[in-house]
There are 2 protein chains.
Amino acid sequence: MTDTAPRPTLEAVAARAGVSRATVSRVVNGGDGVREPLVERVRRAVEELGYVPNQAARSLVTRRHDAVAVVIAEPEARVFADPFFALQLRGISKELTAHDNQLVLLLTEGRDDHARVARYLAGGHVDGALVFSLHLDDPLPGLIQGAGVPTVFGGRPGWSDGRAADTGPTVYVDSDNRGGARDAVRHLASLGRTRIAHITGPLDQTSAADRLDGYRDVMGDTDPELVAESDFTPAGGERAMRDLLDRRPALDALFAANDLTAAGALRVLRERGLRVPEDVAVVGFDDMLPVAEQTDPPLTTVRQDIEEMGRLMARLLLRRLDRPGTGQGATDEDGPGGTPTAPDDPDDAGAGVVLPTTLVRRASA
Amino acid sequence: MTDTAPRPTLEAVAARAGVSRATVSRVVNGGDGVREPLVERVRRAVEELGYVPNQAARSLVTRRHDAVAVVIAEPEARVFADPFFALQLRGISKELTAHDNQLVLLLTEGRDDHARVARYLAGGHVDGALVFSLHLDDPLPGLIQGAGVPTVFGGRPGWSDGRAADTGPTVYVDSDNRGGARDAVRHLASLGRTRIAHITGPLDQTSAADRLDGYRDVMGDTDPELVAESDFTPAGGERAMRDLLDRRPALDALFAANDLTAAGALRVLRERGLRVPEDVAVVGFDDMLPVAEQTDPPLTTVRQDIEEMGRLMARLLLRRLDRPGTGQGATDEDGPGGTPTAPDDPDDAGAGVVLPTTLVRRASA
DNA sequence: ATGAAAGCGCTAACAG
DNA sequence: CTGTTAGCGCTTTCAT
């Protein structure tokens with residue numbers, strides 16, 4: 001019937017309520033400084049007409065969009081094989097929603113998309129960006145910082161600090177990969193294990209590199225043959241486990257860089273007739289429920305609160321948006337020295353915020 | 001240094017190129033009907049100034065946003081435990097990106113969010129919506145259709161057709177759950193199995209109901225005790241398998257409504273000393289790689305192309321947006337009878353498009 | 001083929 | 001406190 005539904009404008013509401021557009025605008029935006037009876041009348045008119053503000057018109061003048069981009073730079077399908085981003089997104093979404101901000105999702109598949117994303121961000125469509133970039137050599141983060149949009153990173157970016165010079169501090173949220181790894185290895189050691197092997201993730205990702213560092217913190221320089229590099233996948237885990245077993249048949253424990261890898265390793269262990277945890281104790285990382293709880297035996301692992309990471313990223317960004325000047329390009333002197341990180345107060349807007357991890361004990365170690 | 005980076009406007013480009021704003025606008029939007037030398041000059045000016053159109057201003061006049069909302073209505077955390085939505089999103093994202101559309105993600109957590117989403121959609125922020133609603137009694141789809149935004153649903157909506165009357169046909173994309181289920185059960189039967197059990201998903205979801213129907217298509221009215229209702233989770237699968245085994249110890253095959261459920265069932269089977277596939281052959285549904293390939297034994301299952309579903313949803317929506325009138329509220333007579341569904345041409349914009357499934361044989365059956 | 005001018009719907013000074 | 005008045009940056013008739 002109604003082919004074009006001509007949405008009512010401020011003007012229409014004003015006419016109906018017998019006031020000026022400005023007054024309606026005031027009421028719609030909180031209604032401060034408008035006398036009660038008028039507020040009431042305007043409210044009613046809005047109600048009756050089913051008025052909804054035109055966001056485009058508003059943005060045009062306010063230069064705010066109440067929208068935040070979430071950029072996930074990951075050419076590999078593998079990312080989608082685990083619920084990591086889904087959980088993170090959920091945390092982000094909750095926080096943004098609570099502050100009436102929209103979430104614009106930008107997924108990239110390889111280099112071709114970089115320019116597109118950079119253009120979009122530079123185009124001022126969103127007030128800020130939350131970006132996930134896993135690899136050390138990813139050019140995207142650089143492009144994004146160049147776009148002049150306030151940004152918070154998910155995971156510690158891998159670049160050296162030099163480049164951050166003229167774009168302000170690089171704000172990121174990460175979990176305590178290194179500390180978590182230490183806990184895992186210490187736990188294994190406390191079980192009396194001494195020949196503790198480690199299967200790493202792709203070492204061009206800071207999370208994997210940090211976990212390896214944690215392992216080394218505890219193990220010192222013991223036998224390098226106990227470390228095998230892998231790729232966070234189950235198949236990679238199988239391969240690495242086989243190598244490890246061939247090289248060091250007497251190993252009595254394994255710390256795998258993530259749960260998927262651990263699952264693969266577990267299969268090889270069983271196939272070789274090794275019992276877990278009796279012969280080889282195994283600890284994973286992530287506490288990815290569908291994996292960790294379903295392995296045989298269920299996996300002891302290091303949990304990170306992924307959803308909370310997302311939440312925190314959003315919170316940090318929104319805070320920066322609220323007080324401009326902390327944004328991009330601002331000369332941001334914060335006194336002598338400065339306080340880059342304050343792990344104790346996750347809400348502190350320091351350069352990096354690191355969330356704690358916890359060891360979850362199940363049957364594998 | 002540059003505190004406020006005053007983005008160049010059309011005006012600025014026009015001045016630089018020595019033409020009018022109108023001409024710049026034409027060039028920026030394709031440049032038809034502008035003589036080559038001018039086009040060139042404008043292009044250069046755009047380049048030099050780093051001009052990027054202000055989308056808000058543009059939307060204000062065109063009433064297009066080149067943005068599509070993706071609404072995922074799912075209060076349960078479980079959804080995020082599997083990569084289903086991630087894959088779907090990926091497909092959607094690819095398609096939208098290819099057509100220069102943005103993806104606005106709207107995640108809802110329970111009823112409180114419904115009003116928010118409805119308001120957002122009604123607010124005309126996006127040109128269309130892609131919505132996933134799993135449960136029969138979900139009020140959201142209704143609200144959304146009411147909002148007058150062109151919409152395509154992911155998965156066959158569960159409501160009775162009556163309500164679609166005044167909002168035009170309900171367009172959706174689904175995979176052939178029923179046909180896939182039939183294939184699964186037939187495969188089991190072809191293996192010589194006769195006492196084939198079925199663990200269902202939550203029957204208030206059309207996907208689960210359709211799979212049960214497919215099972216019944218093949219099994220007829222045999223022993224209802226061979227069917228156990230469950231919830232798509234591994235734990236639910238365990239529980240259901242135990243029940244089944246208690247009731248019908250002699251069952252020789254299982255068709256599980258999804259891979260997660262099958263994984264749980266597999267564990268119970270092993271725990272009871274039953275060999276798979278020798279004693280009990282098992283088939284799942286989804287072909288969720290991280291699960292299906294990691295079970296012991298690897299799972300024979302029904303694959304659905306999830307990413308393609310997402311792609312197709314986006315394609316269908318964009319097509320509707322391109323030719324208005326096929327949108328909401330349009331009197332959409334398509335001759336006598338009409339052709340609601342044409343499964344053979346997935347790109348046909350019929351009311352429902354159903355994608356085929358394929359059986360993937362692994363070791364479990 | 002190009003330019004001039006009129007708005008799209010809203011907010012934000014500024015008056016009163 | 002409320003109304004008036006300028007635009008925000010862009011597209012789009014309508015002249016030329």
Side-chain angles (χ1 to χ4, degrees), chain A residues 4-43 45-46 49-67 100 119 122-127 324, chain B residues 4-43 45-46 49-67 100 119-120 122-127:
Chain A
T4 27
R7 296 234 318 270
T9 71
L10 248 205
E11 182 83 52
V13 178
R16 174 125 193 169
V19 299
S20 73
R21 297 199 325 252
T23 298
V24 177
S25 177
R26 291 186 185 106
V27 172
V28 169
N29 296 294
D32 309 319
V34 179
R35 247 189 284 265
E36 194 48 40
L38 272 202
V39 172
E40 208 38 60
R41 254 168 51 209
V42 172
R43 289 248 158 80
V46 166
L49 263 32
Y51 169 76
V52 181
N54 179 320
Q55 186 64 34
R58 179 182 295 193
S59 292
L60 186 54
V61 29
T62 59
R63 274 111 197 304
R64 276 279 292 209
H65 297 85
D66 296 315
D100 273 304
R119 200 175 337 116
H125 299 279
V126 292
D127 303 324
Chain B
T4 28
R7 296 232 320 270
T9 72
L10 248 205
E11 182 84 52
V13 178
R16 174 123 189 171
V19 299
S20 72
R21 297 199 325 249
T23 299
V24 177
S25 176
R26 292 185 184 107
V27 172
V28 169
N29 296 294
D32 309 319
V34 178
R35 248 188 284 265
E36 194 48 41
L38 272 202
V39 172
E40 208 38 60
R41 252 164 56 206
V42 172
R43 288 249 159 81
V46 166
L49 263 32
Y51 169 75
V52 181
N54 180 319
Q55 187 64 36
R58 177 180 294 186
S59 293
L60 185 54
V61 30
T62 60
R63 277 117 198 301
R64 276 281 291 207
H65 300 260
D66 295 315
D100 273 305
R119 202 177 333 117
Y120 183 77
H125 299 278
V126 292
D127 303 324

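Residue numbers start from 1 in every chain, and the chains themselves are labelled A, B, ... in the order their sequence lines are given, proteins ahead of strands. Just so it is clear, the structure is predicted and the values come from calculations on it, not from any experiment.
H125(A) and A67(A) get closest at one heavy-atom pair: O-CB, 4.5 Å. Nearest heavy-atom pair, R21(B) versus L10(B), reported as atom, atom and distance to 0.1 Å: O-CD1, 3.7 Å. Across every non-hydrogen atom of L60(B) and A57(A), the tightest pair is CD1-CB, 3.5 Å. Taking both residues in full, the closest heavy atoms of Y51(A) and V28(A) are given as CE2-CG2, 4.1 Å, listed atom of the first, atom of the second, then distance. Of all heavy-atom pairs between V52(A) and G123(B), the closest is CG1-CA, 3.4 Å.
Note on S25(A): a side-chain N or O is less than 4.0 Å away from OP1 or OP2 of dT11(C).
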- Under the side chain to side chain contact (heavy atoms under 4.5 Å, CB included) rule, what do H65(B) and D127(B) come out as? Steps first, then yes or no, please. CA-CA 6 Å; H65(B) 300 260; D127(B) 303 324; 3.5 Å; yes

- Query: Checking side chain to side chain contact (heavy atoms under 4.5 Å, CB included) for the pair V24(B)/V19(B): CA distance, chi angles, key distance, verdict?
  - Reply: CA-CA 7 Å; V24(B) 177; V19(B) 299; 3.7 Å; yes

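In terms of the side-chain contact (heavy atoms from CB on, under 4.5 Å) criterion, residue partners of A45(B) (sequence neighbours excluded) are, by chain and number, V13(B), R16(B), A17(B). For V39(B), the side-chain contact (heavy atoms from CB on, under 4.5 Å) partners are V27(B), V34(B), E36(B), R43(B), not counting sequence neighbours.
Contacts classified as salt bridge (charged side-chain N to carboxylate O under 4.0 Å, His left out) and involving residues 50-59 of chain A (residues at least two apart or in different chains) are not found.
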Between the protein and nucleotides 4-6 of chain C, which nitrogen or oxygen pairs come in under 3.5 angstrom?
residue: dA6(C); atom: N6; partner: R21(B); partner atom: NH2; Å: 3.1

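Non-hydrogen atoms lying under 4.0 Å from DNA chain D are contributed by L60(A), V61(A), R63(A), all within residues 52-64 of chain A.
Chain A approaches DNA chain D over the interval dC1(D) to dG9(D), counting the first and last nucleotide 5' to 3' with an atom under 4.0 Å from its heavy atoms.
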